[in-house]
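Step one of this worksheet: look at the structure below.
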Amino acid sequence: MQALKKIDKAVLSLLVATVLFGLGLALWDKKVFHLSFAIEDGPIEYGTAIFLAIAAGVLALNAKSLSGQGKKRLAWLTVLYAVMYFAAAGEEISWGQRIFNWTSGEFFVENNYQGETNLHNLMVGDTHLAKLVFGHLLSICILVYLVVLPLLYGRITLITKLCDALAVPVPSNRHAVLALFATLIVSVIDANRKWELYELVFALLSLSIFLLPQNRDKIT
């Protein structure tokens with residue numbers, strides 16, 4: 001447990017340092033923020049993919065632990081969450097397409113506005129699919145998960161039982177505070193692609209949550 005706490009502290013310290021660095025960089029030079037820090041294939045994007053993949057790995061280890069305890073249903077649910085995070089990591093870097101320089105298939109060339117092999121940049125006519133399906137709704141859901149759920153878990157029986165039954169890793173109060181902190185900082189940054197920084201924040205928060213969820217004794 002002590003090792004996990006040290007790792008968790010390092011992850012959250014990195015989150016705070018990254019957000020403050022991003023704010024300072026944007027205040028110093030918005031173009032540098034946009035063209036060097038938050039640029040496509042830049043440190044934020046690769047950092048997000050790496051930490052999403054690590055978060056998926058932590059979930060996989062949690063699933064293995066649950067399986068060893070005979071909690072097969074919870075284990076399979078946790079595997080599902082791990083697959084979702086791994087897919088998110090792959091989507092973030094278009095499954096390594098720009099790294100390995102391979103060519104998209106005809107479908108993605110015609111229907112992806114960047115011509116890359118990923119789902120989040122698909123177009124439906126003139127509409128960006130990710131914005132159509134998620135839009136601001138996804139951001140609201142993430143904030144509810146990070147900020148509201150920690151306050152409700154343990155206080156409302158139905159929500160507590162539902163989270164435990166679905167093996168949902170519940171954030172702690174420290175995650176809620178840092179989510180609000182990051183939301184405020186990123187919101188006031190006046191630079192293109194600033195929300196790329198928010199994606200990295202979510203990846204780091206997810207990793208911390210999966211390492212030490214509020215309901216760790218129930219889902220790991």
Is [Y] reachable from [X] through a run of hydrophobic residues whose side-chain heavy atoms are each under 4.5 Å from the next?
X	Y	result
Val144	Val177	no
Leu4	Phe51	yes
Val168	Leu143	yes
Leu162	Val148	yes

Are [X] and [Y] side-chain neighbours, meaning at least one heavy-atom pair lies under 4.5 Å?
X	Y	answer
Glu196	His34	no
Leu151	Asn173	yes
Arg216	Val170	no
Phe181	Val201	no
Pro171	Gln214	no
Lys218	Pro213	no
Glu199	Glu92	yes
Thr183	Ser187	yes

Distance check, rounded to the nearest 0.5 Å: [X] atom [atom1] versus [Y] atom [atom2]?
X	Y	atom1	atom2	value
Leu152	Ile159	CG	CD1	4.5 Å
Leu59	Leu77	CG	CG	11.5 Å
Leu200	Ile44	CG	CD1	6.5 Å
Ile209	Asn215	CD1	CG	10.5 Å
Cys163	Tyr145	SG	OH	8.5 Å
Lys194	Asn192	NZ	CG	10.0 Å

Using ring pair (Phe, Tyr, Trp, His ring centres under 6.0 Å) as the criterion, list what pairs up with Phe33, not counting sequence neighbours.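 Testing Phe33 for ring pair (Phe, Tyr, Trp, His ring centres under 6.0 Å), a comparison that skips the adjacent residues, returns Phe37.
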
Can you list everything that forms a ring pair (Phe, Tyr, Trp, His ring centres under 6.0 Å) with Trp195? Sequence neighbours excluded, please.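 With neighbours one apart ignored, the set is Tyr198.
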
Identify every side-chain donor-acceptor pair in residues 78-90 under 3.5 Å, counting partners at least two apart or on other chains, and give the distances.
{"unit_1": "Thr78", "atom_1": "OG1", "unit_2": "Leu74", "atom_2": "O", "d": "2.8"}
{"unit_1": "Tyr81", "atom_1": "OH", "unit_2": "Leu166", "atom_2": "O", "d": "2.5"}
{"unit_1": "Tyr85", "atom_1": "OH", "unit_2": "Ser206", "atom_2": "OG", "d": "2.8"}

Kindly write out the residues that satisfy side-chain contact (heavy atoms from CB on, under 4.5 Å) with Ile142, not counting sequence neighbours, or none if the list is empty.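 Ile142: side-chain contact (heavy atoms from CB on, under 4.5 Å) contacts with Leu138, Leu146, Phe202.
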
Taking side-chain contact (heavy atoms from CB on, under 4.5 Å) as the test, write out the residues that go with Lys72, two or more places apart.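 Result, side-chain contact (heavy atoms from CB on, under 4.5 Å) vs Lys72: Ser67.
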
Donor-acceptor contacts under 3.5 Å from residues 11-28 side chains, at least two apart:
{"unit_1": "Ser13", "atom_1": "OG", "unit_2": "Lys9", "atom_2": "O", "d": "2.8"}
{"unit_1": "Thr18", "atom_1": "OG1", "unit_2": "Leu14", "atom_2": "O", "d": "2.7"}

Start with the C-alpha distance between Leu212 and Ser172, add both sets of side-chain angles, then the distance that settles side chain to side chain contact (heavy atoms under 4.5 Å, CB included), and finish with yes or no. CA-CA 8 Å; Leu212 290 173; Ser172 298; over 6 Å; no

Locate the shortest heavy-atom distance separating [X] from [Y]; write the atom from each residue and the value.
X	Y	value
Ala49	Ile93	CB-CG2, 3.7 Å
Pro43	Ser36	CD-O, 3.3 Å
Ile219	Leu66	O-CD1, 3.3 Å
Ala38	Arg193	O-NE, 2.5 Å
Arg155	Thr160	N-OG1, 4.1 Å
Leu211	Ile7	CD1-CG2, 3.7 Å

Steps toward side chain to side chain contact (heavy atoms under 4.5 Å, CB included) verdict (Asp190, Lys30): CA-CA 7 Å; Asp190 181 22; Lys30 292 186 291 185; 3.4 Å; yes

Stepwise side chain to side chain donor-acceptor pair (under 3.5 Å) test for Asn62 and Thr220: CA-CA 5 Å; Asn62 291 346; Thr220 62; 5.3 Å; no

